[in-house]
Amino acid sequence: MVFGNCGVLLEISPAKGYVEMTGIDAETSQDIAEAINAKGGRYLEAQVQGSKTQAEEGTLVILAAGDRSLFDDCQSCFKAMGKNSFYLGEVGNASKMNLVLQLMAGVTLAGLAEGMALADRAGLQQKDVLEVLELTSLACPTILEKGKAIIEGGFPTHLPLQHMQKDLKLSLYMGDQLEQPLPLTASTNELFKHAKRLGYGEHDASAVYIRARF
């Protein structure tokens, strides 16, 4: 999209800016920023936290880093898409923040899937588990939403499983670079990889339950 024969880099000029809103790693973002800046353009990475439903409701969280003036210029767009936008400084910081949050979400979802699988194997009603969970300090919108999807078994796509697995892989890559052990993330990534191989890549990330259950 940026460096290809018909990529946006060809048309970048001092009068233009580029906002990268896909989930990429910090190094790739920095490479794009250098290329954009070399042509006099402005670059901003704007990672998105939220699901398809939140996008439709305009309640996403925007994590931005890079050119501050471009961040300010994009406020009207960000406000249309999200409830909050954060400026995190130099290029790469937004990508790193996004991966940290995605790591937490993936590990949490894997834990939910294993818990629901264990409940089913133990003869407990999963709907009872979710009702009790809702009354505890563990309750949060993501767990309740994904728990409901697990019970219903349809896995309507809000966050594709393959996108979650991609972010887990990028988190592990960042951990390798920083020599930070991520054993839970590594195990979680294997669960998501297997679920994707079973054909659930385009289903919702809650479909990781299939791997946990069987």
Side-chain angles (χ1 to χ4, degrees), residues 21-26 29 45-65 81-86 88 92-118 126 129-130 133-134 136-152 154-176 178 180-196 198 200-213:
M21 299 194 74
T22 60
I24 58 177
D25 61 278
S29 188
E45 56 175 8
Q47 305 291 306
V48 175
Q49 276 288 310
S51 65
K52 178 181 177 182
T53 300
Q54 289 171 301
E56 293 171 347
E57 295 173 345
T59 58
L60 297 169
V61 175
I62 314 292
L63 307 172
M81 293 183 281
K83 59 182 178 180
N84 291 105
S85 60
F86 294 88
L88 299 170
N93 285 348
S95 295
K96 293 173 184 176
M97 178 71 79
N98 183 60
L99 291 179
V100 167
L101 294 174
Q102 288 297 89
L103 177 160
M104 294 179 182
V107 171
T108 298
L109 186 50
L112 171 66
E114 287 199 353
M116 294 293 268
L118 178 61
Q126 292 180 333
V129 174
L130 205 60
L133 188 151
E134 191 172 0
T136 72
S137 59
L138 289 172
C140 72
T142 295
I143 286 182
L144 297 178
E145 174 190 307
K146 302 307 182 187
K148 183 178 179 182
I150 287 172
I151 291 172
E152 294 176 350
F155 310 113
T157 305
H158 295 285
L159 172 63
L161 184 144
Q162 60 190 3
H163 291 180
M164 175 63 80
Q165 193 271 317
K166 180 260 296 180
D167 287 339
L168 288 168
K169 180 176 65 176
L170 291 177
S171 298
L172 289 169
Y173 175 68
M174 184 167 71
D176 286 343
L178 300 173
Q180 172 62 45
L182 300 172
L184 292 179
T185 308
S187 296
T188 298
N189 185 51
E190 292 303 313
L191 287 174
F192 276 87
K193 277 169 57 179
H194 197 175
K196 186 171 73 170
L198 292 174
Y200 288 88
E202 295 183 3
H203 287 69
D204 190 71
S206 54
V208 72
Y209 171 75
I210 299 298
R211 173 60 184 87
R213 176 67 179 83

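Below, each value reflects all heavy atoms present in this structure, side chains not excepted, and no hydrogens, waters or symmetry copies. Since we're looking at a predicted model, the values are computed, not measured.
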- Query: Is a side-chain donor or acceptor of N93 paired with a backbone partner of A65 at a separation under 3.5 angstrom?
  - Reply: no

- Message: Show the nearest heavy-atom pair for residues N189 and K169, with the distance to one decimal.
- Response: OD1-N, 4.0 Å

- Spacing of Q54 atom CD and M81 atom CE [to the nearest 0.5 Å]: 13.5 Å

- Item | Nearest heavy-atom neighbours spanning D25 and Y173 | OD2-CE2, 4.5 Å

- Message: Using side-chain heavy atoms (C-beta onward) and a distance below 4.5 Å, is L168 in contact with M164?
- Response: yes

- Query: With sequence neighbours excluded, what pairs up with Y200 under the ring-ring contact (aromatic ring centres under 6.0 Å, His included) test?
  - Reply: H203

- Item | Flag, side chain of S187 to backbone of L184, donor-acceptor distance under 3.5 Å | no

- Query: Can you name the residues that form a salt bridge (charged side-chain N to carboxylate O under 4.0 Å, His left out) with K193, not counting sequence neighbours?
  - Reply: E190

- Item | L161 side, atom CG; R211 side, atom CZ - distance, nearest 0.5 Å | 12.5 Å

- Between the OG1 atom in T188 and the CD atom in Q165, the distance rounded to the nearest 0.5 Å is 11.5 Å

- Indicate the atoms forming the closest heavy-atom contact of L60 with S51, along with that distance. CD2-O, 3.8 Å

- Atom pair CE/CD1 of M21 and I62 - distance to nearest 0.5 Å: 4.5 Å

- Task: Supply the atom-to-atom distance I24 CD1 to L170 CG, rounded to the nearest 0.5 angstrom.
- Result: 9.5 Å

- Full working for side-chain contact (heavy atoms from CB on, under 4.5 Å) between T157 and K52: CA-CA 8 Å; T157 305; K52 178 181 177 182; over 6 Å; no

- Message: Would you compute the distance between atom OG of S171 and atom NZ of K96 and round it to the nearest 0.5 angstrom?
- Response: 13.0 Å

Name each donor-acceptor pair under 3.5 Å that joins a side chain in residues 97-108 to protein atoms two or more places apart or in another chain, with its distance.
from	atom 1	to	atom 2	distance (Å)
N98	OD1	Q49	NE2	2.7
Q102	OE1	Q49	NE2	3.2
Q102	NE2	D167	OD2	2.9
T108	OG1	M104	O	2.7

Under 3.5 Å, which donor-acceptor pairs do the side chains of residues 143-152 form with other protein atoms, sequence neighbours left out?
from	atom 1	to	atom 2	distance (Å)
K146	NZ	D204	OD1	3.1
K146	NZ	D204	OD2	2.9

- Item | Over all atoms of both residues, closest heavy-atom pair of S29 and S95 | CB-OG, 4.0 Å

- Residues two or more places apart in sequence or in another chain: which of them pass side-chain contact (heavy atoms from CB on, under 4.5 Å) with E57? T53, T59

- Message: Is it the case that the side chain of Q162 and the backbone of K196 share a donor-acceptor pair, with hydrogens and angles ignored and the cut-off at 3.5 Å?
- Response: no

- Item | Where A195 and A207 come nearest, the two heavy atoms and their spacing | CB-O, 4.3 Å

- Item | Pairing residues for H158 by the ring-ring contact (aromatic ring centres under 6.0 Å, His included) criterion, not counting sequence neighbours | none

- So, for A94 and L63, which heavy atoms are closest and what is the spacing to 0.1 Å? CB-O, 3.2 Å

- Message: Counting only heavy atoms not in E202 (residues, nucleotides, ligands), do more than 12 fall under 6.0 Å from its CD?
- Response: no

